[in-house]
Amino acid sequence: MKMKPVLKESLHLYRKNLPQLCLALLVELVLRAMALTPLLFCLDKPLAPLSLLSIPLYLLIVLPARQNYALALQDMQSGGSVFSLQLISTKDYGRKLWRGLKGTACILLWSSLTITGVTVLYVAVCGLVDVVTLMRIFKNIGGSVVDGLMLVLGAVVASCLLIMVGCGVHSGSRHAVAMGDKRLVKGHRLSLTALWFAGMLLVVPFAAVAAVALGDYARTLVAALKQLTLPSFALSARQGALLIGGVLVLLLPVLPLKNLLPAVYLHQVKEKADAAA
């Protein structure tokens with residue numbers, strides 16, 4: 001299927017339903033905030049372990065909510081409203097949770113290299129292995145301790161591309177289920193992945209602003225890693241304002257359009273299949 005009709009219809013629906021799409025996004029953000037509220041326990045060291053409650057809460061609240069959001073987007077394309085009680089519906093909750101867990105497991109598999117690399121860096125920075133052993137490991141990897149450490153760090157960053165590919169491959173699954181036919185994604189995963197990466201272009205302006213805001217810290221981080229230490233993370237007022245402004249102006253307004261792309265694509269796939277039948 002050609003991408004141009006998908007992009008055209010997505011833009012049309014975005015402009016036509018922008019207020020409702022923004023309200024639906026607000027609901028999604030509130031649900032995520034509810035799930036992540038236990039992270040506030042990190043502010044009190046004795047209570048910090050309670051922050052782990054965010055993990056089950058996220059699974060129980062956010063994963064079914066993502067399935068509901070896909071259903072709401074399909075309702076909108078059928079003439080309904082995306083901002084409806086569908087967003088917080090508990091109908092078929094068990095099935096929605098199970099589908100969300102399966103999707104999460106798939107993404108974790110795509111993330112295995114990144115998780116391994118982050119674990120190695122965590123061990124290095126936190127001193128869980130004696131310094132001599134770490135220096136020997138990094139020297140064997142890169143010829144020198146610093147080069148080895150930087151190679152590991154670079155590999156971790158590069159492995160994030162695998163996660164992005166995985167997100168693209170599975171981006172249409174919940175929308176296919178929302179239309180009652182999981183087979184809709186069959187033969188279309190490559191196109192859905194390409195469409196997912198096209199949607200990521202929408203967040204490039206925000207990424208650029210974030211890079212500017214965090215540029216000084218990134219340089220400090222690289223310098224600190226060369227000394228096998230980790231700098232404290234403290235944003236200036238200017239950096240904080242840039243990040244907050246970027247989120248409000250450049251990120252949040254484009255997220256509904258990004259989310260629309262796979263939903264519209266598979267909706268058109270289904271319409272074409274129905275017409276052929």
Side-chain angles (χ1 to χ4, degrees), residues 1-32 62-89 91-92 96 99-100 103 164 167-207 246-277:
M1 179 178 291
K2 295 181 179 179
M3 296 296 178
K4 188 174 180 180
V6 176
L7 297 174
K8 184 177 179 180
E9 179 63 14
S10 297
L11 284 170
H12 170 71
L13 289 170
Y14 177 76
R15 288 194 294 262
K16 181 181 177 181
N17 301 280
L18 184 57
Q20 292 85 359
L21 284 167
C22 289
L23 288 172
L25 178 63
L26 178 61
V27 171
E28 295 297 303
L29 293 175
V30 168
L31 291 174
R32 283 160 173 75
V62 177
L63 297 189
R66 283 171 54 81
Q67 307 291 323
N68 285 337
Y69 186 49
L71 287 165
L73 288 175
Q74 295 305 323
D75 288 344
M76 182 186 72
Q77 293 184 78
S78 300
S81 174
V82 68
F83 181 61
S84 67
L85 291 176
Q86 177 66 69
L87 294 171
I88 55 173
S89 173
K91 183 180 179 181
D92 293 328
K96 293 171 183 175
R99 287 196 295 265
M164 297 174 69
C167 289
V169 168
H170 298 285
S171 62
S173 299
R174 59 194 173 107
H175 299 288
V177 171
M179 288 183 285
D181 188 357
K182 294 185 290 186
R183 297 171 299 177
L184 287 174
V185 297
K186 187 177 181 180
H188 295 281
R189 291 196 184 274
L190 183 60
S191 296
L192 285 166
T193 302
L195 200 60
W196 190 89
F197 275 94
M200 287 300 293
L201 294 176
L202 295 171
V203 304
V204 167
F206 167 73
V247 169
L248 295 177
V249 178
L250 299 175
L251 182 60
L252 294 182
V254 302
L255 288 181
L257 178 57
K258 180 181 179 297
N259 293 330
L260 265 172
L261 295 175
V264 170
Y265 179 89
L266 286 179
H267 191 84
Q268 293 187 1
V269 168
K270 189 174 189 301
E271 287 184 335
K272 187 176 180 180
D274 291 343

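On a predicted model such as this, the values are computed, not experimentally measured, just so you know. When a residue number appears, it is its place in the shown sequence, counting from 1.
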Would you say the side chain of [Y] lies within less than 4.5 Å of the side chain of [X], judging by non-hydrogen atoms?
X: Leu252; Y: Leu29; result: yes
X: Tyr265; Y: His175; result: no
X: Val203; Y: Leu251; result: yes
X: Met200; Y: Lys258; result: yes
X: Ser191; Y: Met3; result: yes
X: Ser173; Y: Arg189; result: yes

Show the nearest heavy-atom pair for residues [X] and [Y], with the distance to one decimal.
X: Cys167; Y: Trp196; answer: CB-CZ2, 3.6 Å
X: Gln74; Y: Ala178; answer: CG-CB, 3.9 Å
X: Ser81; Y: Ser84; answer: O-OG, 3.7 Å
X: Ser171; Y: Pro262; answer: O-CB, 4.1 Å
X: Ala72; Y: Leu87; answer: CB-CD2, 3.8 Å

Calculate, to the nearest 0.5 Å, the distance between atoms [atom1] and [atom2] belonging to [X] and [Y] respectively.
X: Leu25; Y: Tyr69; atom1: CG; atom2: OH; answer: 6.0 Å
X: His267; Y: Ser10; atom1: NE2; atom2: OG; answer: 11.0 Å
X: Tyr14; Y: Leu261; atom1: OH; atom2: CG; answer: 11.5 Å
X: Glu9; Y: Gln268; atom1: CD; atom2: CD; answer: 6.0 Å
X: Leu266; Y: Gln77; atom1: CG; atom2: CD; answer: 9.5 Å
X: Leu11; Y: Leu260; atom1: CG; atom2: CG; answer: 9.0 Å

Do side-chain atoms of [X] reach the backbone of [Y] as a donor and acceptor pair under 3.5 angstrom?
X: Arg99; Y: Gln67; result: no
X: Asn68; Y: Ser89; result: yes
X: Lys270; Y: Ala176; result: no
X: Arg32; Y: Glu28; result: yes

Self-check item: Leu21 and its side-chain contact (heavy atoms from CB on, under 4.5 Å) partner, picked from Leu73, Leu13, Leu255
Solution: Leu73
Practice problem: Under the salt bridge (charged side-chain N to carboxylate O under 4.0 Å, His left out) rule, collect the residues that match up with Arg183, sequence neighbours excluded. | Solution: Asp181
